S.K.: 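My structure is below; once you've seen it, I'll send some questions.
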There are 2 protein chains.
Amino acid sequence: MPMATINNNGKIQEATCEQELAAIIDSLEILGGKWKLRIMRHLNNHASETNTFKKIQREVEGISSKMLAKELRDLEINLLVTRTVLDTRPVSVSYSITEYGLSVLPVNEVLVQWGLNHRQRLRLS
Amino acid sequence: MPMATINNNGKIQEATCEQELAAIIDSLEILGGKWKLRIMRHLNNHASETNTFKKIQREVEGISSKMLAKELRDLEINLLVTRTVLDTRPVSVSYSITEYGLSVLPVNEVLVQWGLNHRQRLRLS
DNA sequence: GTAACCGGTTACCCCGACGTAACCATCATG
DNA sequence: CATGATGGTTACGTCGGGGTAACCGGTTAC
């Protein structure tokens with residue numbers, strides 16, 4: 001039994017149950033883990049600034065250069081982030097959230113809401 | 001800078017950026033991983049039936065009894081699922097999604113939508 | 001009594017995410 | 001020429017999620 005979903009253009013997509021499962025796996029793979037959403041949130045919250053590698057590393061608490069480089073590469077591959085080499089001396093590299101990357105924000109928001117709500121629920125129960 | 005979120009009762013909650021980060025971590029911890037959402041989806045899609053341990057194991061493809069027992073325990077601790085021992089012969093145990101567990105469905109849906117959309121986006125690009 | 005079904009549990013293993021630390025090339029400054 | 005900043009990379013180790021298989025106690029059916 002296919003189910004309805006809304007795509008980019010607001011059109012209706014049909015998806016089988018297996019396709020939905022695959023979609024969830026994709027989402028968790030691409031957005032899950034310890035750092036991906038933190039980085040996306042940070043880039044979004046500081047979208048008006050120039051976010052160089054070192055600046056991000058200073059401001060995203062606890063991340064190592066190895067992890068930051070890897071996560072940014074993954075996000076770039078998935079078109080969520082752009083990498084721009086600036087011709088400053090010494091050379092610096094700026095990362096920005098793409099317009100498509102903004103599509104992650106609702107996912108972020110739902111997870112935030114559910115998590116906050118869940119804390120409250122457990123405290124009450 | 002606190003941000004607004006909607007809680008159980010539709011009231012507005014304030015949360016700091018760190019609280020939001022913690023909330024995301026919570027959500028991914030409780031709903032993430034390979035099996036949690038699959039089980040929740042299955043219980044919801046078969047809410048009208050009696051979902052015994054073995055029945056779930058047969059229908060959630062690929063899960064072992066060890067993982068199923070662990071995941072169901074976790075979900076029960078988080079009040080998302082109830083465990084009921086039936087006095088059939090031999091004894092069987094039925095699991096159901098709780099009313100609170102239904103709050104997971106929007107999270108599920110957002111992940112499905114984003115994943116489907118992302119596949120399409122990568123194919124087009 | 002033995003086979004089969006139920007709902008698990010236990011022991012063991014593997015791999016990938018993630019952490020830490022050191023290192024590297026390039027350029028600028030003193 | 002040494003120091004510091006930039007943006008990484010590499011080697012190594014740890015830990016936990018997850019897989020596999022065997023086993024268990026209780027009960028019923030043959």
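Below, chain A is the first sequence line, B the second, and so on; all start at residue 1. Just so it is clear, the model here is predicted, and its values are computed rather than measured.
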S.K.: Return the value, rounded to whole Å, for the distance between atom CG of A/Leu86 and atom P of D/dA5.
M.R.: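 For the pair A/Leu86 CG and D/dA5 P, the rounded distance is 19 Å.
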
S.K.: Would you kindly give the CG-to-P distance between B/Leu31 and D/dG17, to the nearest whole Å?
M.R.: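 It works out to 15 Å between those atoms.
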
S.K.: Between D/dT20 atom P and B/Leu68 atom CG, what is the distance in whole Å?
M.R.: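 After rounding, the reported distance stands at 14 Å.
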
S.K.: Anything under 30° is parallel, anything over 60° is perpendicular, the rest tilted; go ahead and classify A/Tyr95 against A/Phe53.
M.R.: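 Rings of A/Tyr95 and A/Phe53: tilted, 30 to 60°.
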
S.K.: Specify the separation, in whole Å, of atom CE of A/Met67 and atom C1' of D/dT9.
M.R.: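 The answer, rounded to whole Å, is 14 Å.
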
S.K.: So, is A/Arg89 close to the D/dG7 phosphate, meaning a side-chain N or O under 4.0 Å from OP1 or OP2?
M.R.: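 Result: no.
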
S.K.: What heavy-atom pair brings B/Gly115 and A/Ser27 nearest, and what distance separates the two atoms?
M.R.: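 Heavy atoms of B/Gly115 and A/Ser27 come nearest at N-OG, 3.1 Å.
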
S.K.: In whole angstroms, how far is the C1' atom of D/dG7 from the CD1 atom of A/Ile39?
M.R.: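 One finds 15 Å between C1' of D/dG7 and CD1 of A/Ile39, rounded.
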
S.K.: Side chain of A/Val93 only, heavy atoms from C-beta on: which candidate in D/dA5, D/dG19, D/dG8 is closest?
M.R.: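 Among D/dA5, D/dG19, D/dG8, the one nearest the side chain of A/Val93 is D/dG8.
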
S.K.: Can you figure out which of D/dT10, D/dG7, D/dG18 approaches the side chain of A/Lys66 most closely?
M.R.: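 The answer is D/dT10, which lies nearest to the side chain.
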
S.K.: Tell me the interatomic distance from A/Lys55, atom NZ, to D/dG7, atom C1', rounded to whole angstroms.
M.R.: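 One finds 16 Å between C1' of D/dG7 and NZ of A/Lys55, rounded.
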
S.K.: Given B/Asn108, which of B/Arg41, B/Gln113, B/Arg38 fulfils the side chain to side chain donor-acceptor pair (under 3.5 Å) condition?
M.R.: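 That would be B/Arg41; it is the only one of B/Arg41, B/Gln113, B/Arg38 passing the side chain to side chain donor-acceptor pair (under 3.5 Å) with B/Asn108.
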
S.K.: Would you grab the first and last nucleotide of DNA chain C (5' to 3') that comes under 4.0 Å of any non-hydrogen atom in chain A?
M.R.: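 From 5' to 3', the first and last contacting nucleotides are C/dC18 to C/dA28.
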
S.K.: What is the distance from CD of A/Glu71 to C1' of D/dT9, rounded to the nearest Å?
M.R.: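 These atoms are roughly 16 Å apart.
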
S.K.: Ignoring backbone atoms, establish whether B/Lys34 has a side-chain N or O less than 4.0 Å from OP1 or OP2 of D/dG19.
M.R.: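 Result: yes.
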
